[in-house]
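Letters A, B, ... are given to chains in the order of the sequence lines, protein chains preceding strands, and every chain is numbered from 1.
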Number of protein chains: 2
Amino acid sequence: MVDTTSEKSRRGSYAKSKNTRASILDAALAVFAEAGYHKGSIREVAKRVGMSEPGLLHHFPSKSGLLEAVLTLRDDKSYALVPLDGDDGAASINGLIDLAAHNASIPGVVELFCILSAEATSTEHPAHEYFANRYRWTRENLRRTFELLESSGDLRPGVRPDRAALSTIAVMDGLQVQWLLDRSSLDMAAELRAFLSTLTTLPLGTGRPETR
Amino acid sequence: MVDTTSEKSRRGSYAKSKNTRASILDAALAVFAEAGYHKGSIREVAKRVGMSEPGLLHHFPSKSGLLEAVLTLRDDKSYALVPLDGDDGAASINGLIDLAAHNASIPGVVELFCILSAEATSTEHPAHEYFANRYRWTRENLRRTFELLESSGDLRPGVRPDRAALSTIAVMDGLQVQWLLDRSSLDMAAELRAFLSTLTTLPLGTGRPETR
DNA sequence: GTCTATAGTTAGATAGAC
DNA sequence: GTCTATCTAACTATAGAC
């Protein structure tokens, strides 16, 4: 048990395995995004990546294990876009608008997170802990961000950082549902920007790089 | 085809059938609320109501048909609580807070709608049209409600009725996800009330009847 | 690391008797 | 209106060969 991993590295089989894992994760993201977790199947993932099911399950312990790997990978990419844990409050807030704009270009991924966060509210769901921690972390950091704005005098009077964090996350989630139901009916980044401007006096970007 | 229904009525079997349908709908609501639509099974519904599956399917055309019946029934009950299409803007807005407070007492139903509205963002989902119409209707009526407040001077300066409608719905939906994930961490009615008070100067209730 | 074969489960829906 | 019996299909996961 102790040095299984290092032994793999020594054998030199790790690089190939890493590529296989990456292909599986790509396909899994696509499948889960199209069908949701419960309806999406390992069978379909295996088919897309050109493997048998047992072949795939050699790399991941189970369907739920595969899901968790997909989620963590996505989060890494999102958090690279929004430096929520940094010291620049204005950058964090504008990062949220950028994220909303970016999300509008990947509806499948948005749908996956939307369906999963709903499914995962059940305590028995394999991703329940993952989402509970994710929301805790985000809420905490966003509250801290609004506190930064508060001390720099960029918060509108009467705005409480904890409530601002809670409602901002709620608005982002809620906008996604409405956007997914009718994608032509609303501009997520613009709506989020309008909402955030009720909380802060900060100048806000539009989420479109060329206008920044 | 023409007079099948009236013949049923003539035979007098309709009343009994109505009771059976009601029991099935009750059980179906419970099952879907516990497991979601995809994971919930007709088999389980039939078991709870003490019937065989074909017996149940005699009353409803299919699983998705059953779902639609459950949803319509729930909506009828919710809209009885919130008179969104009335002429009293203040009553409508306070009705939303009451609804949030009421929802906090039926987590299973909230979970059902939460999961379903996410699942149903996919255009192939059996409830897609249902939810698309439901959101259109709600947004339209809520916008009209905020317009009423606007003309009576109860809207805060700069608040746009259309945006207010959109973001209020988003906040309500988003709060539900966070509440479901950690029910002890937030008071949906209180948070919604705080949010609404950023939109209107109206005096707002707390959602608790005794304090009104 | 990948396969074939298969176990074991669960599901939605229909046929046809009563 | 309700049943028994059954069909058909899909899924996760494991055993064991290569």
Side-chain angles (χ1 to χ4, degrees), chain A residues 4-25 27-28 30-32 34-70 115 119 124-127, chain B residues 4-25 27-28 31-32 34-70 115-116 119 124-127:
Chain A
T4 310
T5 322
S6 52
E7 187 152 0
K8 267 188 194 166
S9 309
R10 246 180 274 129
R11 279 194 199 136
S13 64
Y14 199 67
K16 193 185 171 186
S17 182
K18 205 173 151 194
N19 284 339
T20 311
R21 279 178 60 97
S23 323
I24 294 173
L25 287 173
V31 168
F32 288 149
E34 284 165 32
Y37 172 66
H38 277 121
K39 215 185 160 193
S41 69
I42 289 190
R43 192 157 298 182
E44 177 64 24
V45 178
K47 197 174 118 192
R48 292 201 192 186
V49 84
M51 270 185 112
S52 68
E53 288 170 70
L56 186 155
L57 286 171
H58 171 75
H59 299 275
F60 297 92
S62 65
K63 187 188 180 183
S64 55
L66 175 58
L67 174 69
E68 282 221 27
V70 170
I115 295 179
E119 282 181 356
E124 295 105 41
H125 194 282
Chain B
T4 311
T5 324
S6 53
E7 187 153 359
K8 267 187 192 166
S9 308
R10 244 179 275 131
R11 279 195 197 133
S13 62
Y14 198 67
K16 194 183 169 188
S17 180
K18 205 174 150 192
N19 284 340
T20 311
R21 278 179 61 97
S23 324
I24 294 174
L25 286 174
V31 169
F32 287 148
E34 284 166 30
Y37 170 66
H38 277 121
K39 217 186 160 193
S41 69
I42 288 191
R43 196 156 291 184
E44 176 64 23
V45 178
K47 196 175 119 194
R48 292 201 192 184
V49 83
M51 270 184 112
S52 67
E53 288 169 74
L56 187 155
L57 286 173
H58 171 75
H59 298 275
F60 297 93
S62 66
K63 188 187 181 184
S64 55
L66 175 59
L67 173 70
E68 281 222 28
V70 170
I115 295 178
L116 275 180
E119 283 182 353
E124 295 104 42
H125 194 282

Rounded to the nearest Å, what distance is computed from the [atom1] atom of residue [X] to the [atom2] atom of nucleotide [N]?
X: B/Leu56; N: C/dT14; atom1: CG; atom2: C1'; result: 15 Å
X: A/Ile24; N: C/dT2; atom1: CD1; atom2: C1'; result: 11 Å
X: A/Leu57; N: D/dT14; atom1: CG; atom2: P; result: 8 Å
X: A/Lys63; N: C/dT9; atom1: NZ; atom2: C1'; result: 14 Å
X: B/Arg43; N: C/dT10; atom1: CZ; atom2: C1'; result: 7 Å
X: B/His58; N: C/dA17; atom1: NE2; atom2: P; result: 18 Å
X: A/Lys47; N: D/dA10; atom1: NZ; atom2: P; result: 10 Å
X: B/Glu53; N: C/dA15; atom1: CD; atom2: P; result: 16 Å

It should be established whether A/His59 places a side-chain nitrogen or oxygen under 4.0 Å from OP1 or OP2 of nucleotide C/dT2. yes
Has A/Ser41 got a side-chain N or O lying under 4.0 Å from the OP1 or OP2 atom of D/dC11? yes
Does the pair B/Glu34/B/Arg48 count as a salt bridge with the N-to-O cut at 4.0 Å?
yes
B/Thr20 side chain reached by B/Leu56 side chain, heavy atoms, under 4.5 Å
no
Mind checking if B/Gly40 touches a base, just sugar-phosphate, or nothing, with heavy atoms under 4.0 Å?
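The answer is sugar-phosphate, as B/Gly40 gets under 4.0 Å only of primed atoms, P, OP1 or OP2.
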Check every atom of [options] against the side chain of [X] and return the nucleotide holding the closest atom.
X: A/Pro54; options: C/dA13, D/dT2, D/dT14; result: D/dT14
X: B/Ile42; options: C/dA13, C/dC3, D/dT12; result: C/dA13
X: B/Ser52; options: D/dC3, D/dA13, C/dA13; result: D/dC3

Between A/Glu53 and A/Lys47, is a side chain to side chain contact (heavy atoms under 4.5 Å, CB included) present by the stated rule, with each step listed?
CA-CA 8 Å; A/Glu53 288 170 70; A/Lys47 197 174 118 192; over 6 Å; no
| B/Glu68 versus B/Pro126, closest heavy-atom pair with distance |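 Distance-wise, the nearest heavy atoms are OE2-O, 3.6 Å.
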In short, B/Ala69 meets B/Leu25 closest at the heavy-atom pair CB-CD2, 3.6 Å
